[in-house]
Amino acid sequence: MINTITTTFTTIHAIIFFSIIALTTLFTRVIPFLIFPEHKKTPKYIEYLGVILPFSIIGMLVIYCLKDVSFTTHPFGIPEIIGVLTTVLLHLWKNNTLLSIGGGTIFYMILVQFIFP
Amino acid sequence: MSEKTKALKVAFPYTIPILTGYLFLGAAWGILMSSKGYSVIWTALISLFTYAGSMQYVAVSLLALGFNPLYAFLMTLMVNARHLFYGIVMLEKYKGTGKFKPYLIFGLTDETFSILCSTKPPEGINKNWFMFFVTLLDHAYWVLGCTLGTIIGTMFTINTKGLDFVLTSLFVVIFINQWKSTHNHLPVFIALGSSIICRLIFGPANFIIPAMILIIFFVTVLKKPIKLRETL
């Protein structure tokens, strides 16, 4: 089944490897719910974080999506800047989620495929 | 119409951007995996049970380093540490979700989180079914994308370069909606500032954990001004 993998990786290895990744991923998702179960009162500080963090997280995710963009080498992040601006302007103008996302993405694709290939 | 069907109908439109993003990101990963010799059984099972986009991509690069369980474990912790934030935010929303709760927690990806934390289902829609269907649909798109990619493999000829920007756009839109929903922009500035500074210092692969620590630090020491603005 696995034929092009180097000799260091057998089928058993692959099963263990991917199981570790799946279980560790699940662990990172479950842990807050284990530490702060429903029947116990959540500490005020954690409640505060729960209210405030959504606003921070989305900002962090936007940067996370753009993390591999280089502003010092060609094309200097220009497609990303224009793509984000298109999304922002469309959204402020029409306030239609699918239009903003579709418009921004299509424009970005044209930029990276044809103008800055 | 039953409660279930109604919730599904309301949930679906919210997931359309994710449908696009997941199908293509999933397919790209499937293609990558098939080039490493993995069949569709592997990619179906991995995407079904791991269900973490970034980590699945990192896993492919880890394969090249040989079998090292401890390293795989530590890398997964690092790449997925941001899930801790999502859990803390969803503690309150997932209260009372009963039988749905284990699955809702399992399926809490960046994208599902971004929809669920920023959306209230309309009046008369069962909140539990709504959150369940958003989670389930996203999960289905991901598994479908990953398996299709493996099957289609290198037959893929459409130039999809740049399509992954759909997820960046999705987060930008949610960012604007959140921005408009509050006068309290301090947490946003903290997040942007911390993330950008840490990205510059630690580089693209290692900045998320330092950024998370910095964000926690600032929202903690600035709790008073943040709370004060909350009440405005």
Side-chain angles (χ1 to χ4, degrees), chain A residues 1-6 8-9 13-14 16-18 20-22 24-26 28-33 36 38 42 45-50 52-68 79-80 83-84 87-88 91-92 97-98 100-101 104-105 108-109 111-113, chain B residues 16-17 36-39 46 49-50 52 55 59 63 66-67 69 72-73 76-77 80-81 83-85 87-89 91-92 95 105-106 108 110 114 117 159 161-163 165-176 178 182 187-188 190-192 195-196 199 204 208 211 215 219 223 226:
Chain A
M1 196 185 293
I2 307 168
N3 37 36
T4 56
I5 293 169
T6 50
T8 53
F9 243 81
H13 282 152
I16 298 171
F17 174 78
F18 284 111
I20 287 171
I21 289 174
T24 313
T25 300
L26 184 60
T28 61
R29 286 178 175 145
V30 170
I31 194 96
F33 296 91
F36 307 109
E38 238 174 80
T42 312
Y45 174 64
I46 298 298
E47 272 182 8
Y48 162 75
L49 288 183
I52 290 304
L53 282 183
F55 299 99
S56 298
I57 294 172
I58 300 296
M60 187 180 90
L61 276 177
V62 171
I63 305 299
Y64 184 68
C65 284
L66 299 171
K67 68 182 189 305
D68 295 313
E80 284 77 15
V84 169
T87 306
V88 172
H91 202 64
L92 293 178
T97 301
L98 291 182
S100 320
I101 295 173
T105 305
Y108 177 80
M109 288 175 76
L111 288 174
V112 292
Q113 288 188 18
Chain B
I16 294 174
K36 304 275 175 199
Y38 285 88
S39 68
I46 293 167
F49 290 115
T50 309
M55 192 54 220
L63 285 173
F67 184 64
F73 169 71
T76 313
L77 278 188
N80 286 332
H83 291 153
L84 300 177
F85 271 19
I88 290 173
V89 172
L91 283 174
E92 199 53 41
K95 263 186 190 158
I105 294 171
F106 163 80
L108 198 55
D110 299 335
S114 70
C117 88
N159 190 352
K161 191 180 172 200
L163 196 78
F165 197 76
V166 74
L167 295 177
T168 311
S169 272
L170 170 71
F171 295 138
V172 169
V173 164
I174 294 169
F175 183 94
I176 298 168
Q178 277 190 342
T182 176
V188 177
I190 289 172
L192 292 178
S195 306
I196 291 171
R199 163 63 184 80
I208 278 289
I215 290 169
V219 299
K223 194 172 167 194
I226 289 174

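In this text the structure is predicted, and so the values were computed from the model without any measurement. The chains referred to below are lettered A, B, ... by the order of the sequence lines, with proteins before strands, and numbering in each begins at 1.
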- Message: Checking the side chain of Ser56(A) only, and the main-chain atoms of Pro187(B) only, is there a donor and an acceptor separated by less than 3.5 Å?
- Response: yes

- What residue in Pro54(A), Ser100(A), Gly104(A) has the most heavy-atom pairs under 4.5 Å with chain B? Pro54(A)

- Neighbour count above 12 (heavy atom, 6.0 Å) for Phe36(A) CZ: yes

- Query: Under the 3.5 angstrom rule, does the side chain of Gln113(A) hit a backbone N or O of Gly162(B) as a donor-acceptor pair?
  - Reply: no

- Query: Do His91(A) and Thr97(A) have side chains that get closer than 4.5 Å, going by heavy atoms?
  - Reply: yes

- With no hydrogens and no angle check, is any side-chain donor or acceptor of Arg29(A) less than 3.5 Å from a backbone partner on Ile105(B)? no

- Task: Look at the rings of Phe67(B) and Phe9(A) and say which category their plane angle falls in: under 30° parallel, 30 to 60° tilted, over 60° perpendicular.
- Result: perpendicular

- Region of Tyr108(A) that comes under 4.5 Å of a non-hydrogen atom in chain B: side chain

- Query: Does any donor atom in the side chain of Thr87(A) or Ser169(B) lie under 3.5 Å from an acceptor atom in the other side chain?
  - Reply: yes

- Interface moiety of Ile101(A) toward chain B, non-hydrogen atoms closer than 4.5 Å: both

- One option among Gly50(A), Gly83(A), Pro79(A) has the most heavy-atom pairs under 4.5 Å with chain B, and it is Gly50(A)

- Identify which part of Phe17(A) has an atom lying under 4.5 Å from any heavy atom of chain B, answering side chain, backbone, both or neither. both

- Item | Engaged part of Leu170(B) at the chain A interface, taking heavy atoms whose separation is under 4.5 Å | both

- Query: Where on Leu61(A) is there a heavy atom nearer than 4.5 Å to chain B: the side chain, the backbone, both, or neither?
  - Reply: both

- Message: Between Ile46(B) and chain A, with a heavy-atom cut-off of 4.5 Å, which part of the residue counts as in contact: side chain, backbone, both or neither?
- Response: side chain

- Identify which of Ile31(A), Leu92(A), Leu66(A), Leu98(A) forms the greatest number of heavy-atom pairs closer than 4.5 Å to chain B. Leu98(A)

- Determine the option with the most heavy-atom pairs under 4.5 angstrom with chain B, choosing from Ile46(A), Asp68(A), Val84(A), Leu111(A). Val84(A)

- Looking at Ile176(B), Val173(B), Thr168(B), Val188(B), which has the largest count of heavy-atom pairs under 4.5 Å with chain A? Val173(B)

- Message: Could you check, using the six-membered ring where one of them is a Trp, whether Tyr64(A) and Phe171(B) have ring centers closer than 6.0 angstrom?
- Response: no

- Item | Interchain contact, Ile190(B) with chain A, by part (heavy-atom threshold 4.5 Å) | neither

